[in-house]
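Keep in mind that this is a model prediction, so the values were computed, not measured. FYI, the numbering just counts along the sequence from 1.
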Amino acid sequence: QVQLVESGGGLVQPGGSLRLSCAASGSIFSIYTMGWYRQAPGKQRELVAAVTSAGSTNYADSVKGRFTISRDNAKNTVYLQMNSLKPEDTAVYYCNADLKHSGSLRLVNYWGQGTQVTVSS
């Protein structure tokens with residue numbers, strides 16, 4: 001089995017910064033795309049940013065220029081640096097990964113448990 005464990009959420013004032021981390025552990029052969037999604041109360045879960053194993057990135061328009069996604073393949077960890085935070089960034093942030101288990105060719109998708117980010121004065 002695989003676990004994605006997020007950390008780094010919390011309360012921050014508008015204009016502040018936070019850094020989220022997500023570490024994958026378990027029976028992992030290879031991780032492909034890793035990403036961050038968020039879900040605000042009463043809204044659908046949406047993609048925030050994603051990064052492939054080759055380092056290609058994709059961002060939601062609402063966070064371009066403010067958020068940066070990166071990954072450490074040796075540590076099976078993905079990061080989300082969030083700067084210039086706005087109240088509308090308040091949401092539960094979820095880590096997501098597409099990976100293959102050791103001994104399997106099947107691509108499996110996993111979610112983390114979520115971490116709360118609150119932007120408020």
Side-chain angles (χ1 to χ4, degrees):
Q1 194 58 293
V2 171
Q3 282 190 317
L4 301 181
V5 179
E6 300 125 332
S7 60
L11 173 64
V12 64
Q13 291 187 341
S17 298
L18 281 175
R19 188 189 193 213
L20 305 183
S21 299
C22 171
S25 63
S27 178
I28 299 170
F29 174 71
S30 184
I31 303 179
Y32 296 84
T33 300
M34 300 187 80
W36 290 95
Y37 290 71
R38 66 186 180 187
Q39 187 166 20
K43 294 188 176 182
Q44 287 188 331
R45 190 173 297 189
E46 62 175 1
L47 174 68
V48 177
V51 57
T52 69
S53 56
S56 296
T57 57
N58 180 40
Y59 294 93
D61 288 342
S62 60
V63 306
K64 283 181 180 177
R66 300 188 297 123
F67 291 10
T68 302
I69 190 169
S70 62
R71 64 190 281 175
D72 185 333
N73 291 329
K75 295 181 179 180
N76 288 339
T77 299
V78 63
Y79 307 95
L80 186 68
Q81 178 66 44
M82 304 185 293
N83 299 328
S84 302
L85 282 160
K86 306 175 181 180
E88 51 264 43
D89 294 317
T90 296
V92 178
Y93 284 69
Y94 296 91
C95 177
N96 182 270
D98 287 323
L99 59 89
K100 290 183 179 179
H101 291 282
S102 302
S104 173
L105 297 178
R106 189 166 62 100
L107 198 64
V108 182
N109 185 262
Y110 282 92
W111 290 94
Q113 80 285 357
T115 184
Q116 178 70 46
V117 171
T118 302
V119 184
S120 175
S121 55

Problem set entry | Between OG1 on residue Thr118 and CG on residue Leu18, distance to nearest 0.5 Å | 9.5 Å
For this session: Would you name the heavy atoms of Ile31 and Ala24 that are closest together and state the gap between them?
Result: CD1-CB, 3.8 Å
Exercise. Does one hydrophobic cluster hold both Met82 and Val12, with members joined at side-chain heavy-atom distances below 4.5 Å?
Worked result: yes
Problem set entry | Thr90 and Gln116, any side-chain heavy atoms less than 4.5 Å apart | yes
Exercise. Can you tell me how far the CG atom of Leu20 sits from the OG atom of Ser7, to the nearest 0.5 Å?
Worked result: 8.0 Å
Exercise. If you group Ile, Leu, Val, Met, Phe, Trp and Tyr by side-chain heavy-atom gaps below 4.5 Å, do Val78 and Tyr32 land in one group?
Worked result: no
Exercise. Any side-chain heavy atom of Cys95 sitting closer than 4.5 Å to one from Trp111?
Worked result: no
For this session: Would you name the heavy atoms of Gln113 and Val5 that are closest together and state the gap between them?
Result: OE1-CA, 4.0 Å
For this session: Evaluate the side chain to side chain donor-acceptor pair (under 3.5 Å) criterion for residues Tyr110 and Gln1: first the C-alpha distance (whole Å), next the side-chain angles of each, then the deciding distance (0.1 Å), finally the verdict.
Result: CA-CA 10 Å; Tyr110 282 92; Gln1 194 58 293; 3.0 Å; yes
For this session: Only pairs at least two apart or in different chains count here, so list each side chain to side chain donor-acceptor pair (under 3.5 Å) that has a residue in residues 11-28.
Result: Ser17-Asn83
Below 3.5 Å, can you tabulate the donor-acceptor pairs from side chains in residues 59-70 to any protein atom, sequence neighbours excluded?
unit_1: Tyr59; atom_1: OH; unit_2: Ile69; atom_2: N; d: 2.9
unit_1: Asp61; atom_1: OD1; unit_2: Lys64; atom_2: NZ; d: 3.1
unit_1: Ser62; atom_1: OG; unit_2: Arg38; atom_2: NH2; d: 3.3
unit_1: Arg66; atom_1: NH1; unit_2: Ser84; atom_2: O; d: 2.9
unit_1: Arg66; atom_1: NH1; unit_2: Asp89; atom_2: OD2; d: 2.7
unit_1: Arg66; atom_1: NH2; unit_2: Ser62; atom_2: O; d: 2.8
unit_1: Arg66; atom_1: NH2; unit_2: Asp89; atom_2: OD1; d: 3.0
unit_1: Arg66; atom_1: NH2; unit_2: Asp89; atom_2: OD2; d: 3.4

For this session: State, to 0.1 Å, how close Ser120 and Pro14 come at their nearest heavy-atom pair, and which atoms those are.
Result: C-CD, 3.6 Å
Exercise. If every non-hydrogen atom of Gly114 is compared with every non-hydrogen atom of Tyr94, which pair is closest and at what distance?
Worked result: CA-CD2, 3.6 Å
Exercise. Asn58 versus Leu47: any side-chain heavy-atom pair under 4.5 Å?
Worked result: yes
Exercise. Going only through I, L, V, M, F, W and Y residues with side-chain contacts under 4.5 Å, is there a path from Tyr37 to Met34?
Worked result: no
Exercise. Are Leu107 and Phe29 in one and the same hydrophobic cluster, where Ile, Leu, Val, Met, Phe, Trp and Tyr link if side-chain heavy atoms are under 4.5 Å apart?
Worked result: no
Problem set entry | Heavy-atom side-chain contact between Arg71 and Thr77 under 4.5 Å | no
